[in-house]
2 protein chains.
Amino acid sequence: MATTDVQMLQDGLRRGRRKLTRPRQAVLDTIAEADTCLSPAEVYRRAKARYPRLGLTTVYRTLELLADLGYLQRVHGDGGCHSYAAVQRHHSHHLLCSCCGRTEEFACGSLDPLVEALQATTGFHIEGHILEMIGVCPSCRERKGQG
Amino acid sequence: MATTDVQMLQDGLRRGRRKLTRPRQAVLDTIAEADTCLSPAEVYRRAKARYPRLGLTTVYRTLELLADLGYLQRVHGDGGCHSYAAVQRHHSHHLLCSCCGRTEEFACGSLDPLVEALQATTGFHIEGHILEMIGVCPSCRERKGQG
DNA sequence: ATTATTGCAAAACGTTTGCAGGTTC
DNA sequence: GAACCTGCAAACGTTTTGCAATAAT
């Protein structure tokens, strides 16, 4: 994690009178360095390498906190919705590879017309959405093509 | 459930050498009549009124089966992704009311340009997506406005 | 010093599985 | 009557909770 990121995290935490602790750093660093989305158990396994005293309970609590603060986002996949990935921008979405689990972040433009239309036809006031794309990443495509 | 729906269900099941049983009818009817998405536990509670011998295990198995056949769809919400709603068309999406839980089905047009753009920039081959809209339904808006 | 955070152990929870008996085709 | 489906009870993995000890401000 770059220095500015530590700074941003620290600021974000301070705003809510929260503390920057080693377990929290370990969890965030772990997810930031992964290029896939990770389940709580997997975060625990990896983050424990950085900070061996880490407890699973703390991982759960930290994932929730960091997601609330916007540093992480829950990723919904076909199998479930209990994995997390890092986000650079607030409210972004993920493209996930159904083959290797790799994730790629993307911004959602082009959804506005749909939102407008739905609001008009249904009378709902739309406040948010969940959007994930599922596909096969370039390297898996290549591997499949050759294998 | 209308007669044609029973017919369709029966056909769908037969195609996979599956049987039309009372528990399965009870589960499907329950979800078809609800205007919200339902958790497995809630389906169990309601469907048991129709068929008291029903077991929770069967509800889980039936939800999976009917979702595979395309009669139900898992709905992803902020809280989780373990609720199911009926679908008229295959691959549709839901608008869900964060206030009362009501769901409304909608088709996803307008996503194609985004898919195209993502495929071009990332090299992923996109095969599917998860999309849910979250908002407040007309009657909840009214209630809030008055209360 | 004050307050938030941690890790542990245990509890609670939702979901899945093996299997004998029952139901549908 | 063959194949499939069911419900039960038990097993399972995941998530949450209470609490005394610890670490950050």
Side-chain angles (χ1 to χ4, degrees), chain A residues 6-7 9-30 37-69 71-72 74-84, chain B residues 6-7 9-30 37-69 71-72 74-84:
Chain A
V6 178
Q7 190 63 51
L9 174 57
Q10 205 154 20
D11 291 352
L13 289 169
R14 231 195 304 265
R15 238 171 272 131
R17 264 194 224 81
R18 299 310 188 72
K19 293 171 182 175
L20 179 59
T21 62
R22 295 193 77 251
R24 286 176 182 173
Q25 279 187 52
V27 167
L28 187 56
D29 288 356
T30 296
C37 56
L38 303 176
S39 65
E42 183 62 18
V43 171
Y44 176 59
R45 203 182 64 71
R46 297 192 188 188
K48 220 172 159 61
R50 294 167 185 274
Y51 183 66
R53 292 205 254 159
L54 184 66
L56 180 55
T57 307
T58 300
V59 171
Y60 277 99
R61 290 192 278 226
T62 302
L63 289 173
E64 193 184 346
L65 173 67
L66 294 180
D68 282 351
L69 292 175
Y71 294 99
L72 300 179
R74 188 174 263 196
V75 176
H76 296 249
D78 281 334
C81 57
H82 302 282
S83 292
Y84 291 81
Chain B
V6 178
Q7 190 63 50
L9 173 57
Q10 206 153 21
D11 291 351
L13 290 169
R14 230 192 308 260
R15 237 171 274 130
R17 262 193 227 85
R18 299 311 188 71
K19 292 172 180 173
L20 179 58
T21 62
R22 290 185 87 286
R24 285 176 181 172
Q25 278 187 52
V27 167
L28 187 55
D29 288 355
T30 296
C37 56
L38 303 175
S39 64
E42 183 62 18
V43 171
Y44 175 59
R45 203 183 64 73
R46 297 192 188 189
K48 221 172 158 60
R50 294 166 184 274
Y51 183 68
R53 290 205 256 160
L54 185 66
L56 180 55
T57 307
T58 300
V59 170
Y60 277 99
R61 289 192 278 227
T62 302
L63 289 174
E64 194 184 346
L65 173 66
L66 295 180
D68 283 350
L69 292 175
Y71 294 100
L72 301 179
R74 186 173 265 195
V75 176
H76 297 250
D78 280 334
C81 57
H82 301 283
S83 291
Y84 291 82

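Residue numbers start from 1 in every chain, and the chains themselves are labelled A, B, ... in the order their sequence lines are given, proteins ahead of strands. Hydrogens, waters and symmetry mates play no part in the numbers below; they use all other heavy atoms, side chains included.
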**Student:** Which pair of non-hydrogen atoms, one from B:P40 and one from B:L56, has the smallest distance, and what is that distance?
**Tutor:** O-CD1, 4.3 Å

**Student:** Applying a 4.0 Å non-hydrogen cut-off, can you work out what B:Y51 is touching in the nucleic acid: base, sugar-phosphate, or nothing?
**Tutor:** sugar-phosphate

**Student:** State which of C:dC25, C:dT15, D:dT17 makes the closest approach to the side chain of A:T57.
**Tutor:** D:dT17

**Student:** Would one find more than 12 heavy atoms of other residues, nucleotides or ligands at under 6.0 Å from atom CD of A:Q10?
**Tutor:** yes

**Student:** Would you mind reading off the distance between A:R22 atom CZ and D:dT25 atom C1', rounded to a whole angstrom?
**Tutor:** 17 Å

**Student:** Would you please confirm or rule out a distance under 4.0 Å between OP1 or OP2 of D:dT6 and any side-chain N or O of B:R24?
**Tutor:** yes

**Student:** Separation of A:L13 atom CG from D:dA23 atom C1', in whole Å?
**Tutor:** 15 Å

**Student:** Considering all heavy atoms of both residues, which atom of B:A26 and which atom of B:A47 are nearest to each other, and what is their separation?
**Tutor:** O-CB, 4.0 Å

**Student:** Kindly point out which of D:dT25, C:dT15, D:dG7 is positioned nearest to the side chain of B:T58?
**Tutor:** D:dG7

**Student:** Can you tell me the distance, in whole Å, between the CG atom of A:L65 and the P atom of C:dT5?
**Tutor:** 7 Å

**Student:** Would you indicate which nucleotide in D:dT6, D:dT25, C:dA9 comes nearest to any side-chain atom of B:P23?
**Tutor:** D:dT6

**Student:** Mind calculating the distance between CZ (B:R15) and P (D:dC4) to the nearest angstrom?
**Tutor:** 17 Å

**Student:** So, is B:R53 near the phosphate of C:dG22, with a side-chain N or O under 4.0 Å from OP1 or OP2?
**Tutor:** no

**Student:** I'd like to know if the side chain of B:R24 and the backbone of B:K19 have a donor-acceptor N/O pair within less than 3.5 Å.
**Tutor:** yes

**Student:** Grab the CG-C1' distance between A:L20 and C:dT6 for me, whole Å please.
**Tutor:** 14 Å

**Student:** What is the distance, to the nearest angstrom, from the CG atom on B:D68 to the P atom on D:dC5?
**Tutor:** 13 Å

**Student:** Can you tell me how far C1' of D:dA23 sits from CD of A:Q10, to the nearest Å?
**Tutor:** 15 Å

**Student:** Side-chain N or O of A:H82 versus OP1/OP2 of D:dT14: is the shortest distance under 4.0 Å?
**Tutor:** no

**Student:** Grab the CG-C1' distance between B:L54 and D:dG7 for me, whole Å please.
**Tutor:** 9 Å

**Student:** Would you please confirm or rule out a distance under 4.0 Å between OP1 or OP2 of C:dT6 and any side-chain N or O of A:T21?
**Tutor:** yes

**Student:** Which is it for A:Y84 and A:V43 under the side-chain contact (heavy atoms from CB on, under 4.5 Å) test, yes or no, and what are the steps along the way?
**Tutor:** CA-CA 9 Å; A:Y84 291 81; A:V43 171; 5.7 Å; no

**Student:** Please tell me which of B:R14 and B:Y60 maps to the more 5' nucleotide of DNA chain C, matching each residue to the nucleotide holding its nearest heavy atom.
**Tutor:** B:Y60

**Student:** On DNA chain D, compare the nucleotides closest to B:R18 and B:Y44; which residue's is nearer the 5' end?
**Tutor:** B:R18

**Student:** Any donor-acceptor pair, under 3.5 Å, between the side chain of B:K19 and the base of D:dA3, if you only look at N and O atoms?
**Tutor:** yes

**Student:** State whether A:R61 places a side-chain N or O below 4.0 Å from either non-bridging phosphate oxygen (OP1 or OP2) of C:dT5.
**Tutor:** no

